[in-house]
Amino acid sequence: MATLVLDNGACTAKIGYSHEAVSIIPNCQFRSKTSRLKTFTANQIDEIKDPSGLFFILPFQKGYLVNWDVQRKVWDHLFGKEMFKVDFSDTSIIITEPYFNFSSIQESMTEILFEEYQFQSVLRINAGSLSAHHYFSSQPSELCCLLVDSGFSFTHIAPYCRSKKMKEGIRRVNVGGKLLTNHLKEIISYRQLHVMDETHVINQVKEDVCYVSQHFYKDMKVSQMKGEENTVVRDYVLPDFSSIRKGFCKPPDEMVFSGKYKTGEQILRLANERFAVPEMLFHPSDIGLQETGIPEAIVDSIQSLPEEMQAHFYQNVVLTGGNTLFSGFRERLEAELRSLAPAHLPVSVLQPQNPISYSWEGGKLLAHSPDYDELIVTRDDYEENGHFICEEKFDM
Amino acid sequence: MVLEKKGSARVEAGQRRVLDEATRQRRLTRQLDALEKDNFQDDPLSSLPPPGPTARLPAFSETEEPEKKKRKTRGDHFKQRFRKNFTTLLEEENLSERAEPNYLSAAAPPSSLPPRHFCCVCGFPSHYTCTTCGGRYCSSRCLCTHRETRCLKWTL
């Protein structure tokens, strides 16, 4: 029997069979200004010739699955003949859900997977549990790990002791990739060019030019300087979707510091925006969100756990999720944690090769592990006991 | 030009309208909510009637066949169960009464560090507060821009 692993994120779905590689596909639908009547699903975004002013229809709200109509359309597309050609009578599925998922969402999910799609078995699990499984199978000597999962909707800090999730230590910081993109959109629109409609383009800008500063106020000073002394400022060439398909940064030697470019492209000049935006992850209070940043939340989480475990958690901080890809993220987090943690405890922050698909890879490993059959709920179980058996087995 | 208009912000304050704490808080909440939005613009399809036979407007006068009716009730049932937004779901869970860790208890607490302040116009560290709305600014030039565009109005 084939096993399909689906890390169902709010922005992208990480999907693939357990014997194949992962595909990262947008988990949403789009409408474009140019082809008004059509709705594009998931990876059909590549068919859109002019993705300016792209309209997003997301199945998730604040990280929780609420719009099942959209989600089913995306799944229909993913499972269907254009993508994964799932043979439901011979496939089991591993699917992820957020921490503290609501019971009504869980019920709907198992119902849809078993009754609409007719999967043979389902394993519903937190993405973090898959990441933890991945970490412990690559580091068998470690006892504990602390996952930092910074995704599209929010950032979760989740401690695991072996395969056990320490629920009392889970912390959520309501800062994710969506908030960062929207904030960047807002400040660019206010300061230079109206881009409020261009979520898709500005998200790319964010991924291309933003970084996490190691010395925040020093970088602030540098970005205020004039001319070539200002090593922070970058000129970003916006795509026009005819000759420039994808935006890019002007190479520093081609930058014009005074006056205009003669080439006539549309340029965004980004200085303090480059590092002030990802700074929200470390100081949400900068935009008036009364919450601790990631480093403080980690310390708060670890302090709520038994004392004899604390040293292990500080040594095994693992970063997953797209926001950890900002350059300098790991170094900054390690430095801040070092200054907050008790002096006698060593601190180590690990960033895996691919933090976005790290939990998917964990699911792949889990599908081949001998414990897998113990964890799943089969069709027969579900038909016999209904939702009750899922609640019992998936102990979330 | 800009510099000529410069006057003391404190002297002027007496004549200006001052927003109270509640209004300031409301503005902040509105700004934070805006950061959660998926789209700023309207759905390009919203001006058109929804496509497909499934989304057709209900025809009240039509006499319905029994089998069709059965399907429809199932659809309604699905809609009721599956069409709930985040806030409704959160309320339904009644989490504040539960003892075990849950969505509400997992929220990160307020920071123990003092808040940092940045100019709401240019983004650099700021030392001054707008007496009218409580926004931050770093120089009289930024204050001018702030008053013209954001302070009591909200033009973008």
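Chain naming here is simple, since letters A, B, ... match the order of the sequence lines and numbering starts at 1 in each. This is a predicted model, so every value here is computed, not measured.
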What part of A/I105 is in contact with chain B, defined as an atom under 4.5 angstrom from a non-hydrogen atom: side chain, backbone, both or neither? side chain

For B/C122, is there any backbone N or O sitting under 3.5 Å from a side-chain donor or acceptor partner on A/N272? yes

For A/L54 and B/Q41, the nearest pair of non-hydrogen atoms, with its separation, is O-NE2, 3.2 Å

Checking heavy atoms, do the side chain of A/F216, its backbone, both or neither come under 4.5 Å from chain B? side chain

Interface residue of largest heavy-atom contact number with chain B, from A/A297, A/G288, A/G293, under 4.5 Å: A/G288

Is A/R191 reaching over with its side chain to a backbone N or O of B/V121, donor-acceptor style, under 3.5 angstrom? yes

Check the pair B/R116 / A/E279 against side-chain contact (heavy atoms from CB on, under 4.5 Å), numbers first and verdict last. CA-CA 12 Å; B/R116 312 188 295 183; A/E279 193 67 19; 3.0 Å; yes

Straight-line distance of B/E36 CD to A/F154 CZ, nearest 0.5 Å: 10.0 Å

Is A/D197 close to chain B through its backbone or its side chain, or both, or neither, when contacts mean heavy atoms under 4.5 Å? both

Any donor-acceptor N or O pair under 3.5 Å, side chains B/E93, A/S103: yes

Checking heavy atoms, do the side chain of A/S223, its backbone, both or neither come under 4.5 Å from chain B? both

Quick check on A/Y99 against chain B: is it the side chain, the backbone, both or neither that has a heavy atom closer than 4.5 Å? neither

How about B/S111 and A/Q290: does a side-chain donor come under 3.5 Å of a side-chain acceptor? no

List the residues meeting salt bridge (charged side-chain N to carboxylate O under 4.0 Å, His left out) with A/D219, not counting sequence neighbours, and say none if there are none. none

Minimum heavy-atom distance A/T199-B/D38, with the two atoms named: OG1-O, 4.1 Å

Can you say whether A/Y64 sits under 4.5 Å from chain B via the side chain, the backbone, both, or neither, judging by heavy atoms? side chain

Within the distance-only criterion (no hydrogens, no angle test), does the side chain of A/R172 pair as donor or acceptor with the backbone N or O of B/A108 below 3.5 angstrom? no

Which bit of A/E296 is near chain B, if near means a heavy-atom gap under 4.5 Å: side chain, backbone, both or neither? side chain

With a 4.5 Å heavy-atom cut-off, do A/H194 and B/F40 have their side chains touching? yes

Does either side chain, that of B/E92 or that of A/S104, offer a donor lying less than 3.5 Å from an acceptor on the other one? no

Before accepting this row, confirm whether a basic side-chain N of the pair A/E186/B/K37 lies closer than 4.0 Å to the acidic partner's carboxylate O. no

